[in-house]
Number of protein chains: 2
Amino acid sequence: MDTRRTRGSGPDLAAVARLLADGTRAAFCLALLDGRAWTATELARHVGVAPSTATEHLHALVRGDLLAEERQGRHRYVRLAGPQVAELIEGLGALAPGGGPAPRTLSAAGRRQALAHARTCYDHLAGTVGVAITDAMIERRLLDQDHGLALTPAGADWLAELGVTVPSGTRRPSVRSCLDWTERRPHLAGTVGAALCRHALDTGWVTRVGTTRALVVTGSGRESLQRHLGLADETLVGSGGAAAA
Amino acid sequence: MDTRRTRGSGPDLAAVARLLADGTRAAFCLALLDGRAWTATELARHVGVAPSTATEHLHALVRGDLLAEERQGRHRYVRLAGPQVAELIEGLGALAPGGGPAPRTLSAAGRRQALAHARTCYDHLAGTVGVAITDAMIERRLLDQDHGLALTPAGADWLAELGVTVPSGTRRPSVRSCLDWTERRPHLAGTVGAALCRHALDTGWVTRVGTTRALVVTGSGRESLQRHLGLADETLVGSGGAAAA
DNA sequence: GGGACACTTCGGCCGCCGCCGAAGCGTCCG
DNA sequence: CGGACGCTTCGGCGGCGGCCGAAGTGTCCC
């Protein structure tokens, strides 16, 4: 744990990594991957630590620019500081062990199943459904993956027809592949993935389950995804009941 | 430091992050970002710890799949386990504080200057020269950045003319933007960046400085980069002498 | 075979950091 | 205005983990 001596040149990797090196802080970040703002107590209860402990951790994460905070009355809302942070966390998750099976408790298993089916991953869609959408887009030549993922001209047209507008001129990649830690397969991220997710929520293709990151595909969503991408109903319907909040 | 209780679902972010959360291990990884294999003692001397300490750290990093090792005789060579790891480290570096100025010692300043001018960043080119190449490619419409970076058809032709072959069909993005921690600006990474870097080394456009990641542009390199990309001589010649190994 | 050298294992020391509970603000609401 | 509630600060405890040096193992080379 040596930060005293600054080791020559270069950025202080360890400082950032140390923020994520704690189970509690990592759990906070994982929860915040849903892209929304949580209050301090919500997070504390979510991971099972005392409020005082949560406060300290959140302080550290905010100081380290991983989280942004916003104070409203007696609440303190925190969210991920930006897409860069979300990508970092996903990148870490992709290399991490234990993304695989083996949940401990029954309720954890249910939660896991709901998440595995469909969820938001920061600002885009993930889980079985997210991967299925990505696969279908590739199959229909809306996306191209000769090396790396890219939007084809047909894909751009398709998005326009849906009425999905993708912000342009940003630094952020339009199409990025994000490794799914339940499916262990890549799904669509980047500005296109974000725009598509927003569209899906706005038009009611999917809705959130309680306060979690989990999503369910609505009736109209099933119909639309069937029509636009030819997705089968089986993949769109979660195999279990919705789980505890 | 709580790994006992597995916090619900999801990958164990903290396990990976903890590997990079130590100054010594982080320094190892930063050094290995040159994409080459180092021996254990080289690394130990590089960051100033006892060999026994280095051994333990390397063990942890290998066990955690961040490094790959290869044993040759009485040497143990380690290198980054893959591009994913390199990207993770770069991503961490981009968010880290202190990537900016303020070197402590004189020799560190010289080393820093050499690195700032031109260096390898895992398997592609970085530093002033790397950024200049990227900028020139964008200006000449070989790369397009309406949102995110992409190779244009003209860019593909240009590479073919140079005799640069880019491996296809990999998962890795062909073009990726990598944030430069000296320039604080993006430069070309991904399979195209790697292929171009390999070409530059193979054809002698650039050569390594001693055993560091630093590079110098050779005479023929200057001539080629001038002809193919219109780069000015000033940007290609380092402003300081080559520094200590 | 013997000596140099790269690496490893082990034991012991020390400091950091995460945890909690108690107590202290500030905000909201009746 | 008082009580509930969200958040914060502080002190104290405990354990993890990084550091080193000394001693051991394997490899190379003379």
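Only heavy atoms go into these numbers, but all of them, side chains included; no hydrogens, no water, no symmetry mates. In the text below, chain A, chain B and the rest are named by the order of the sequence lines, each starting its count at 1.
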Considering only heavy atoms from C-beta outward, does the side chain of B/D65 approach that of B/V85 to under 4.5 Å?
-> no
Report the residue (A/A50 or A/Q72) whose heavy-atom-nearest nucleotide on DNA chain C is the more 5′ of the two.
-> A/A50
Charged N-O contact under 4.0 Å between B/E87 and B/R176 | yes
Just wondering, more than 12 heavy atoms not from B/E69 lying within 6.0 Å of its CD?
-> yes
Sequence neighbours left out, what passes ring-ring contact (aromatic ring centres under 6.0 Å, His included) with A/H124? Give chain and number order.
-> A/H187
Assign A/R71 to base, sugar-phosphate, or nothing according to its heavy-atom contacts below 4.0 angstrom with the strands shown.
-> sugar-phosphate
Round to a whole Å and report the spacing from CG of A/L58 to P of D/dG6.
-> 15 Å
Nucleotide of C/dC20, D/dC20, C/dT8 approaching B/P51 most closely (side-chain heavy atoms) = C/dT8
Would you tell me if any nitrogen or oxygen in the side chain of B/H57 comes within less than 4.0 Å of OP1 or OP2 on D/dC19?
-> yes
Nearest whole angstrom, please: distance from the P of C/dA6 to the CD of B/E70.
-> 19 Å
Side chain to side chain contact (heavy atoms under 4.5 Å, CB included) assessment of A/Y77 paired with A/Q72 = CA-CA 7 Å; A/Y77 288 98; A/Q72 258 177 46; 3.8 Å; yes
CG of B/L20 to CG of A/L20: how many Å apart, nearest 0.5 Å?
-> 10.0 Å
From C/dC19, C/dA6, D/dT9, nucleotide with atom closest to A/T53 side chain | C/dC19
Using nucleotides 10-14 of chain D, report all nitrogen or oxygen pairs with the protein that are shorter than 3.5 Å.
residue, atom, partner, partner atom, Å
D/dC10, N4, A/E56, OE2, 3.3

Closest listed nucleotide, where the reference is the side chain of A/D22 and the choices are C/dG18, C/dC20, D/dT9 | C/dG18
Do the side chains of B/V129 and B/L215 get nearer than 4.5 Å, heavy atoms only?
-> no
Which side-chain N or O atoms in residues 194-207 of chain B pair as donor and acceptor under 3.5 Å with protein atoms at least two apart or in another chain?
residue, atom, partner, partner atom, Å
B/T203, OG1, B/H199, O, 2.8
B/T203, OG1, B/W205, NE1, 3.3
B/W205, NE1, B/S224, OG, 3.3

Atom NE2 of B/H117 and atom OG1 of B/T128: how far apart are they, to the nearest 0.5 Å?
-> 6.5 Å
List for me each residue that meets side chain to side chain donor-acceptor pair (under 3.5 Å) alongside B/R79, sequence neighbours excluded, and say none if there are none.
-> none
Does anything in residues 59-68 of chain A reach DNA chain C, meaning a heavy atom under 4.0 Å, and if so which residues?
-> none
For nucleotides 2-5 of chain D, give me every protein contact, N/O to N/O, under 3.5 Å, one pair per line with atom names.
residue, atom, partner, partner atom, Å
D/dC5, O2, A/R74, NH1, 3.1

May I ask you to test the B/R208-B/T120 pair for a side-chain heavy-atom distance under 4.5 Å?
-> yes
Atom pair distance, as rounded to whole Å: CZ in A/R76 and C1' in C/dG26 = 14 Å
Check whether any side-chain N or O of B/H75 sits under 4.0 Å from OP1 or OP2 of C/dC5, and answer yes or no.
-> no
B/W38 CH2 to C/dA6 P: how many Å, rounded?
-> 16 Å
From CZ of A/R18 across to P of C/dG15 the rounded distance in Å is 17 Å
Could you please name the option among D/dC19, C/dC20, D/dT8 that lies closest to any side-chain atom of A/T55?
-> D/dT8
Evaluate the side-chain proximity of B/P186 to B/T134: yes if any heavy-atom separation is below 4.5 Å, no if none is.
-> no
